[in-house]
There are 2 protein chains.
Amino acid sequence: MENKSEICLPTCSVDYAFKRIGGKYKGRILWYLHDHKTLRYGALKRILYDVTTKMLTQTLRELETDNLIIRKVYHEVPPKVEYSLTETGGELIPFIDHLRQWGDRQIEKENRKL
Amino acid sequence: MENKSEICLPTCSVDYAFKRIGGKYKGRILWYLHDHKTLRYGALKRILYDVTTKMLTQTLRELETDNLIIRKVYHEVPPKVEYSLTETGGELIPFIDHLRQWGDRQIEKENRKL
DNA sequence: CGGAATCCAGTTAGATACTG
DNA sequence: CAGTATCTAACTGGATTCCG
């Protein structure tokens, strides 16, 4: 499975950016990693809770390839892998945070209508 | 075809927001509508250029349902339909702009490496 | 524990043709 | 002009099983 971001030239930088963080779980993963500083594979899976191992692994690999997260392997038994944000990935946090606040406001609005 | 945003409760507001603007063309459409104030269907199709009528219509309907854009129909011959941002949609522009700038920086970085 | 591999159903999106 | 309808290829994502 190839990383989409490698096989197509973006037509504009908005497109470029959305390709990198627009995946089904990417926004949440970046946000949770910022929240917890570092998370293990299993912990991430528990927080996202509806994700399959296949999807999680695939998504993490894409984020790693795009240099948004770091994958650190501890060669122990049992194995341990920790994920954290890169500096580039961290630069996206203000954006995600604003988006989160916007989302909160919309959810509130919708609730008031009911 | 149901609008996804209607059939699932978001697990968190990050997820909520990404569902609304994370589609393949949504970011670009919002950005272009902000840039041009208002755009006709055909103009949008030309700017996005690789989109099919089916995808464009579907995406525009989702954005409309989520109250991010306005669809204004002129009952003329030939027909004329203009799209523009709602106030809520406009609130997203600063974030998309931020994302766009981030994208620009990444593209530059990648070019320097080559 | 942190995945990889395989198989398969379901969805999505593209091409094409047609319409008010 | 601004779509709709239909068909199909392609891809996505889920379940399951297995491995170092």
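Throughout, protein chains are lettered first and strands after them, A, B, ... in sequence-line order, and every chain is numbered starting at 1.
Under 4.0 angstrom from either OP1 or OP2 of D/dG14 there lies at least one side-chain N or O belonging to A/K24. The side chain of A/R61 contributes an N or O atom lying less than 4.0 Å from OP1 or OP2 of C/dA4. An OP1 or OP2 oxygen of C/dG2 is reached within less than 4.0 angstrom by a side-chain nitrogen or oxygen of A/R40. Between A/R71 and C/dG2 there is no side-chain polar atom (N or O) within less than 4.0 angstrom of OP1 or OP2.
Each end of the helix from C/dC1-D/dG20 to C/dG20-D/dC1 gets its own axis from five base pairs, and the two axes differ in direction by 60°, given to 10 degrees.
The nearest whole Å value for the distance from the CG atom in B/L48 to the C1' atom in D/dG3 is 16 Å. Residue B/R46 contributes atom CZ, which lies 14 Å from atom P of D/dG3 at whole-angstrom precision. In this entry the distance linking CD of B/Q58 with P of D/dA5 reads 13 Å, nearest Å. Between B/E76 atom CD and D/dG3 atom P the separation is 14 Å, expressed in whole Å. As a whole-Å value, the separation of A/K80 NZ from C/dG3 C1' is 17 Å. Rounded to an integer number of Å, the gap from A/L56 CG to C/dC1 C1' is 13 Å. In this structure, the NZ atom of B/K26 is 14 Å from the C1' atom of C/dT12, given to the nearest Å. Atoms CE (A/M55) and P (D/dT12) sit 10 Å apart, rounded to a whole Å.
Crowding of A/R46 atom CZ: a count of heavy atoms from other residues, nucleotides or ligands under 6.0 Å not exceeding 12.
Note that the CD1 atom of A/I96 and the CD1 atom of A/I29 stand 10.5 Å from one another [nearest 0.5 Å].
With contacts defined as side-chain heavy-atom distances shorter than 4.5 Å, the pair B/R28/B/R100 does not qualify. B/D97 is not listed as a side-chain neighbour of B/P94, based on a closest heavy-atom distance of 4.5 Å or more.
Among residues two or more places apart in sequence or in another chain, the side chain to side chain contact (heavy atoms under 4.5 Å, CB included) test is passed with B/E110 by A/Y16, A/R20. For B/E76, there are no salt bridge (charged side-chain N to carboxylate O under 4.0 Å, His left out) partners two or more places apart in sequence or in a different chain. Scanning for ring pair (Phe, Tyr, Trp, His ring centres under 6.0 Å) contacts around A/H98 gives B/F95, with sequence neighbours left out. Every residue two or more places apart in sequence or in another chain that forms a side-chain hydrogen bond (donor to acceptor under 3.5 Å, both in side chains) with B/Y83 is listed here: B/R71.
Relative orientation of the B/W31 and B/H34 rings is tilted, given thresholds of 30° and 60° on the angle between their planes.
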Pairs under 3.5 Å (N/O, protein and nucleotides 15-20 of chain D):
none

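At the heavy-atom level, B/Y83 lies under 4.0 Å from the strands shown only through sugar-phosphate atoms.
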